[in-house]
Amino acid sequence: MLFCITANYTPKAMNAIRENPKSNRREAVEQLVKAAGGKLVAMYGTMADGPGAMAIIDADPIAAAAQKRVQIYSSYKPPGQ
């Protein structure tokens with residue numbers, strides 16, 4: 001089953017990309033998706049709500065839900081930060 005996941009880069013992530021512009025974001029996403037039992041089908045840069053990325057993944061619904069949870073927790077910011 002195909003799923004679309006979108007995310008915006010945080011200022012910290014943008015600084016890391018500036019410091020290492022040759023970093024392979026696709027490879028990092030591909031490893032995360034593969035570890036959860038899915039397959040990265042496509043990845044695109046986005047600018048709608050600021051710089052970010054959109055990934056199309058092929059995964060069973062349970063794996064996709066786990067990947068979405070990882071995305072949510074990785075973007076969590078405690079109040080006041």
Side-chain angles (χ1 to χ4, degrees):
M1 183 175 268
L2 294 178
F3 294 89
C4 176
I5 298 174
T6 60
N8 289 335
Y9 292 116
T10 63
K12 184 178 178 181
M14 290 304 298
N15 287 336
I17 291 169
R18 270 197 274 317
E19 290 172 10
N20 187 7
K22 294 186 181 192
S23 66
N24 190 333
R25 303 311 327 149
R26 180 185 174 92
E27 186 176 293
V29 171
E30 198 162 27
Q31 288 176 2
L32 175 66
V33 171
K34 185 176 180 181
K39 177 184 174 190
L40 181 64
V41 175
M43 187 167 162
Y44 304 95
T46 62
M47 294 300 290
D49 294 320
M54 176 179 73
I56 308 295
I57 63 168
D58 186 4
D60 69 79
I62 293 171
Q67 291 167 356
K68 184 65 176 173
R69 234 177 252 125
V70 168
Q71 177 193 7
I72 291 167
Y73 291 135
S74 67
S75 65
Y76 173 73
K77 294 179 193 161
Q81 287 192 1

So which atom in [X] and which in [Y] form the shortest heavy-atom distance, rounded to 0.1 Å?
{"X": "Lys39", "Y": "Val33", "answer": "N-CG1, 3.4 Å"}
{"X": "Leu40", "Y": "Arg26", "answer": "CD2-CG, 3.8 Å"}
{"X": "Ala59", "Y": "Gly38", "answer": "CB-CA, 4.0 Å"}

Original post:
Going through the distances and angles, do Arg25 and Ile17 end up as a side chain to side chain contact (heavy atoms under 4.5 Å, CB included)?
Top reply: CA-CA 9 Å; Arg25 303 311 327 149; Ile17 291 169; 4.3 Å; yes
Subject >> Gap separating the CG atom of Asn15 from the OH atom of Tyr9, nearest 0.5 angstrom >> reply: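 These two atoms lie 13.5 Å from each other.
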With a 3.5 Å cut-off and sequence neighbours excluded, list the donor-acceptor pairs that the side chains of residues 42-54 form with protein atoms.
| from | atom 1 | to | atom 2 | distance (Å) |
| --- | --- | --- | --- | --- |
| Thr46 | OG1 | Ala53 | N | 3.4 |

Subject >> Derivation of the side chain to side chain contact (heavy atoms under 4.5 Å, CB included) call for Leu32 and Glu30 >> reply: CA-CA 5 Å; Leu32 175 66; Glu30 198 162 27; over 6 Å; no
Original post:
Do Val41 and Met1 share a hydrophobic cluster, counting only Ile, Leu, Val, Met, Phe, Trp and Tyr and linking them when any side-chain heavy atoms are less than 4.5 Å apart?
Top reply: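 Hydrophobic grouping puts Val41 apart from Met1.
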